[in-house]
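Not measured: the values here are computed from a predicted model.
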Amino acid sequence: MASRFQEASLVTSPSYPNAVAWSSENLIAVAAGHLVIILNPALPSGPRGLISIPNAEPYQIGKVRYEDLLTGGLLPSSLKRERHPCVRSLSWSDLGMSPNYGCLLAVCTAEGRVKLYRPPYSDFSADWVEIADVSDLHFENLLSMNFGESNNPSSTSLSKKDQVVQHDHEDDERIPILRTRKRRRTSLDNINLHEMDITDRASCSKQDNQTVNNVLAIELYEQPSNAHHCHSLPKGPKKCSREISPEKYVSREALLSSLSVAWSSLLTFSTEGSSFENQLRFSLLAIGSKSGCVSIWKVHAPESYHIERGSVSPNVELTAIIQAHSSWVSTMSWGIFGRDSSNPQMLLVTGSIDGSVKIWMSNKEDLQKSVEVYTSSFSLLKQVVAVNLVPVSTLSFVVNNYSNAMHLAIGKGSGSFEVWKCEISTRKFEQVASTNAHDQVVTGLAWSYDGRCLYSCSQDNYVRNWILSEDTISEVPIPANTPGLSSTSDLPDDFLSCLGVALSPGNLAVALVRSFNVELLNQMYQARSQKAAVEFIWNGAQQSGESEDSSETITEAILGFSKNEYAYWESNLLWSLKEFTDYNKPLVLWDMIAAMLAFKESMPEFVELVITKWLSVSYLGFHADIPMEDLVPKISNRFSAVPSRLLHILNVISRRVMLSELKTEEINRKLQGQRMNNEEEVDLWLKLLQESERELRERLVGLSFSAYLTAESSPSTDSPSTGNWHPAGLAQMQQWVVINHDIVVSQLQTLSLEVKSSLTRSSNSTETALEEENCPYCAAPVHFHSPEEAICESPHQKKKKERCDKGHKLERCCVSMQVCPPTPLWFCKCCNRLTLELAPETLFALPSFPNDLKSLPESSFSKVALKPFCLFCGILLQRKQPKFLLSASPV
């Protein structure tokens, strides 16, 4: 077994499979009993976030007679209410769903409730904030629809158009849960979900309010919901006290009892003929229930992002309900292919305890249509596995758009798993492998490196590593060596089971959740506070199948590493760097930075070798085996011809790896002092960093000038479109161009003169008043000398006779170069700069410096949901948090 390089102990233990999830902003959520514990992998023993699951009372779905409690499956329903709250399933959304552009967390409890939570970025608390109760919305919707039950007795089946073939399975004493569901399925045949009209409201009898001795009344769980934010949901009655049969009660309860949740990626659609401010931006949330239905919810992304207001609730609307299986939906997974095409395809894989696995498909056109809830926009693409006696416990689904293939791993309760492969073009599915990998239920599966490697874990406490090569899968040892890092804690190794596995955004690290065998621990100390642990192991030495020959510099094994292991690390590091060149992929380089820092301590020549190879291939287009001193001038000359994302990655590597011995403030001071003292000898990487940041600032200034001139020349200047980005700090940018006239491109100087002339002619412009700024503390004038900081000319200092200090030292916004006010601002964790105004998204997508900035289309300056990314580092900006509170660490 591979040795862990870090770990984090947990005070509670997970109870269900798939107990860990790794977000795209580099946070880890663990479903640990009645708690959801959120931690930062960069500081596993540091601050944590918490979600405490409260007790949930059952919804009022009807009344049943007392003598019927032991019939129709009501006994399990009554007994389960005495259980303690527990987390059953969780899933992270994509970046951009939270009001601060972070991720939302969907949590499904054992009581069947689903809620959405956001990080407490403005609350100064460790408890995450609930922003939506999806179960309440689902209950109101079903109640207004009379739970899909037709009032016509003759209508007892699904419509032929939307009917899903139901497969019966034989009873088996080894799986009693299947026999229970077979009895419940008979009541589901009466649900006519697709034929029910939304306007057909259920009438609840008002005469049943009196207490009857032989009728059991179910109390309503009253809880605030965000239904008022979802205008498309029908408003149903709050109570339904009508007496119903035991079968109907079991059927309704199954519809409301959720088991699994899964988020899709963030989708962005432009409606035909609409302006940019009318773009549709949403993510799909799939919720599987005990009835076999899957409800699809459309959760809209915020229209703008902020770090101050925290009371904003998302717009949540029910899109579709799919009768996916005949029994419990135990696990789900999303996929998308053709993301860059005009009509991307959404795929949803669902697994059930009846053993079946199905793939559902929808496209952009169907998702955009305004259709009835029960006229599903998802169609059945393929039933991968038919109904059988072995329940499905977990799924892992990956779509590789580069190889035009989909890989699906299916974990089962018997300990085996299957691997299926599909060519996207032909949609031909074939089973690659079926192996008895474990002795107990498979609790986690995770693909890495675009479906070439697979991790599996089980309740038997084993974690196995598999390599998919062409049409065969084989087990390989988990990489045992770590690059100079090893665990230093005294965490015991007496584990009982492994209940989840997750991969880091860069695929270089693996997180495992294990439960301790409490009986083997020290009962006085360990057993009280250590119920489980999250282990981290490296995945960089993985035999991904695309490893290149090791470089000639590495000639022998060093520090326990073989030559092949170095070659695997080199190949996987370069693969990870290549993946992040796509600007649509969030720039989260924590695992890569941590691995390089570890190698830098033990073998710095290896780190320089990898970075040199990446620089030459990315910037020059070929591998130039030359020293770094000779490579840097060639790289600098290519800055204007490379995408902005490459510059961002270079800046992060320069600061966090090559200049790691310097503090961030010291690096910033050296960068500012370079222009003032040209005789000072500058470090190689400091020079490279300075030129890269200057190139990004030139691109921003050019876009700002072009956006202003485009808006001025537009026919609708009197009423400018609210959908366009209006740059701030034009006066400061002009002064920056004047100060750096000897190094900036001539195109910027020409645009600066045009902007200055236009501002002079414009009488109603407010930019002319910004040439002289005032100190936010003493109202003294502030002159522009540097884009990073300023010092006011405070008159109050002259009144103090005991000393004569300088004025207030002020920070400037790294985007607008204006003086920052004393209010919460966006903060970069890499360069420690503050941002008041956000940069346009066009800057981060630029393939090179535009040859003609004035010819850019107006669509390049759309301000719709400006992404809070750092101008110089490209990582997600945050609100600066105290050290005792949790925050994500992209680097």
Side-chain angles (χ1 to χ4, degrees), residues 55-83 111-114 133-153 155-156 180-181 183-193 195-223 225 227 233-259 287 289-293 295 318 321 323 328 373-374:
N55 289 314
E57 296 296 329
Y59 290 109
Q60 178 177 341
I61 57 179
K63 294 181 179 180
V64 294
R65 295 183 178 274
Y66 182 78
E67 54 267 22
D68 293 335
L69 283 178
L70 301 181
T71 61
L74 284 180
L75 183 59
S77 300
S78 302
L79 293 178
K80 76 170 188 177
R81 298 175 192 165
E82 304 300 326
R83 296 189 306 182
E111 286 81 4
R113 305 298 170 86
V114 176
D133 192 325
V134 185
S135 294
D136 276 359
L137 299 178
H138 195 36
F139 171 69
E140 292 180 4
N141 183 77
L142 291 176
L143 194 60
S144 66
M145 300 287 297
N146 196 23
F147 292 89
E149 299 162 0
S150 176
N151 294 327
N152 184 5
S155 178
T156 59
T180 304
R181 292 308 307 151
R183 290 196 301 271
R184 295 188 181 186
R185 193 175 63 253
T186 59
S187 63
L188 291 178
D189 295 337
N190 296 326
I191 301 178
N192 190 355
L193 296 179
E195 295 181 345
M196 190 65 188
D197 188 3
I198 289 184
T199 59
D200 184 14
R201 303 298 177 92
S203 59
C204 296
S205 175
K206 298 182 180 180
Q207 300 176 357
D208 294 337
N209 292 335
Q210 299 178 355
T211 304
V212 184
N213 293 333
N214 62 341
V215 175
L216 174 66
I218 308 300
E219 297 295 332
L220 178 67
Y221 175 40
E222 296 281 359
Q223 185 174 4
S225 68
L233 287 178
K235 297 293 183 179
K238 293 297 182 182
K239 295 183 179 180
C240 186
S241 57
R242 200 170 45 176
E243 182 181 337
I244 61 176
S245 64
E247 290 77 12
K248 278 191 175 183
Y249 183 89
V250 173
S251 173
R252 294 180 176 184
E253 185 190 43
L255 285 171
L256 287 169
S257 299
S258 303
L259 296 174
I287 303 177
S289 66
K290 291 183 179 179
S291 65
C293 292
S295 58
L318 181 60
I321 294 183
Q323 184 64 50
W328 295 12
V373 170
Y374 296 118

Report the distance from atom CE of M145 to atom CG of L255, rounding to the nearest 0.5 Å. 11.5 Å

Looking at P58, is its backbone amide N or carbonyl O close enough to the side chain of E111 to form a donor-acceptor pair, meaning the two atoms are under 3.5 Å apart? no

Could you give the distance from CG (N146) to CZ (R242), rounded to the nearest 0.5 Å? 5.0 Å

Would you verify whether the NZ or CZ of R252 falls within 45 degrees of the ring axis of F139 while also being under 6.0 Å from that six-membered ring's centre? no

Backbone N or O of V114 within a donor-acceptor pair of the S135 side chain at under 3.5 Å? yes

Rounded to the nearest 0.5 Å, how far does OG of S257 lie from CZ of R113? 8.5 Å

If I take atom NZ from residue K248 and atom CD from residue E243, how far apart are they, to the nearest 0.5 angstrom? 11.5 Å

What one should report as the nearest heavy-atom pair of S295 and L318 is CB-CD1, 4.0 Å

Minimum heavy-atom separation for Q323 and S291, please, with both atom names. NE2-O, 3.2 Å

Determine the minimum heavy-atom distance between I61 and L256, stating which atoms define it. CG2-CD1, 3.6 Å

Short question: side chain of Y59, backbone of D136 - any donor-acceptor pair under 3.5 Å? yes

In this structure, CH2 of W328 is separated from OG of S289 (nearest 0.5 Å) by 11.0 Å

